[in-house]
Amino acid sequence: MKSDYVWWRDGVVYQIYPRSFADSSGDGIGDLKGIIDRLDYIAELGVDAVWFSPFYPSPDVDFGYDVSNYIDIDPKHGTLADYERLVEESHKRGIRVILDLVLNHTSDQHPWFLESRKSRDNPYSDWYIWRDPRPDGGLPNNWEAIFGTPGWEFDALRGQYYYHMFYPQQPDLNWRNPQVRKACLDVVRFWLDHGADGFRLDVFSNFFKHPDLPNNPPALGLRAFDRQKHIYDSNQPEMIPLLRELRELLDSYPDRYAVGETFMPTPELVARYTAPGLVHGAFNFDMLGCHWDPACFLKVVQETEKTMHHEAWPVNFLNNHDTSRSASRFRSGENDERLKVAAALTLTLRGTPYIYYGEEIGMRNIHVPRRFIQDGVGEKYWPIFDGRDKNRAPMQWDATPHAGFTTGKPWLPVHPDFPQRNVEAQRKDPKSLLNFYKRLIQVRKDLPALRRGLFQPLTYDPRNLLAYLRQTREQTVLVALNFGRRPVRLAVGIDLRQRSWRLALSSHHEKLPAFEAGGYLSLAGNEVLILVAET
Ligand code: NOJ
């Protein structure tokens, strides 16, 4: 690989939800040893880094996103020694380690909170956002929590309300307290010193709230949470100097990275936080709002291109642990052709692609009957929203019981299609989605223009097609994606015969297609076509 290769910029990131990836102990919950046993698979995929959803000690009200100790590993997932081995074994295979830092809130079982709630004058009393009831006994202000309760919870021990953006068991830290700021940056330092290459910052844009806690103004919306503009409970200006400080800390170690989960993101917010000197990347969720509609994807890409700083680097993804799996969202049935188009989209756009475990074999959502729902939001909002269990099912490794995920009883059901849809079966099938992902990742590695090149859309048919160039001074890559099931003739708007193209990848053909006069190109139904020309 050329020496200007920057792992987080040129590379591909794979997200693992540790509870569901591989269980070595037989308790039905995934663990670090299980992941270590599967590192060869991850290396074989060709990805450069893994983002691990949290594996710190947690009472699991929000399955790891309620942390009760930032600098240890939950015994159900392993030990610090397992973590050290995970880092070592990952690095041996050229895989970087991205940890999930949940620093907006802790668990209500975190010692900081247990101390804080004891009295109004103990050393931790100001580590969270505490307020007296209003004189009429009412809540301190109108803020709502996104998981369906008011944002304030009364704590009888301390006789005050504390604020939480998520579950009541996830009290928000008071980032305005310099001791909190220091303690959290010490957590970052701890993991940097323990081999972490980067961090995903959970809901980082929420760390600061307005110091006076004014009521949020009203908005139109369905749920109480949506019926207000979240201008005082998030995106406060103090976040910028904090990110600068965090970046300086990261930059004091070689090659480190941070990607932020922008909460309630807009392209403007993503642009604000990824400006030079702040985070390296920030998730923009707009693509998740697109149906199987190339015009929608193009609009999101163009909006991103237009809004972000020219030096900033986008993040592209279609799946994560909070979202219905794209294979189900895009209504692919049992056919994986659409998913190859979706894969090509994330892996050929300008930006860092993120792949969510199981996406590469086209895992579908599982069905979880109401009485078995484990995700609290799903219980709360069923049947309008059935929660996130459906997209967190155990990884489908092979056709053995429980898909080879565990020898015990898996914490969530395995998708019943696992005897056919699994890693082992797809490894053997040259036409499988898994092998297509591998080829795409390799093509991306081989073609600098695909990694670094400028994005330029070509004429397109908004119902069926997306075609674009990725260009550097030395190389041009043409990507054509047929979203439709029927063959199409694509008017690319440039005379392809003037350049000497070679075929980098086609999901359907082995040979370079014929170029028709007038800049036409024919594509098979759901074809992915990637051509390359050197300048
Ligand atoms: C965002 C995480 O992705 C989600 O899973 C979690 O529930 C909330 N943040 C709260 O930490």
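Residue indices begin at 1 and follow the sequence shown. Each ligand, and each atom within it, is numbered from 1 in the order the structure gives. Predicted, not measured: the structure shown is a model, and the values here were computed from it.
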Can you confirm whether the side chains of [X] and [Y] place a donor and an acceptor under 3.5 Å from each other?
X	Y	answer
Thr352	Trp313	yes
Asp193	Tyr253	yes
Asn141	Trp152	yes

(request) Quick one: pull up NE2 in His280 and CZ in Arg247 and give me the separation to the nearest 0.5 Å. (result) 3.5 Å
(request) Give a yes or no on whether the backbone of Asp66 and the side-chain of Tyr167 come within a donor-acceptor separation of less than 3.5 Å. (result) no
(request) Write down, by chain and number, every protein residue that brings a non-hydrogen atom to less than 4.0 Å from an atom of ligand 1. (result) Asp62, Tyr65, His105, Phe147, Phe166, Arg200, Asp202, Val203, Glu261, His321, Asp322, Arg388, Arg392
Would you list the atom pairs, donor with acceptor, under 3.5 Å between side chains in residues 281-289 and any protein atom, with sequence neighbours excluded?
residue, atom, partner, partner atom, Å
Asn284, OD1, Asp286, N, 3.1
Asn284, ND2, Thr304, OG1, 3.4

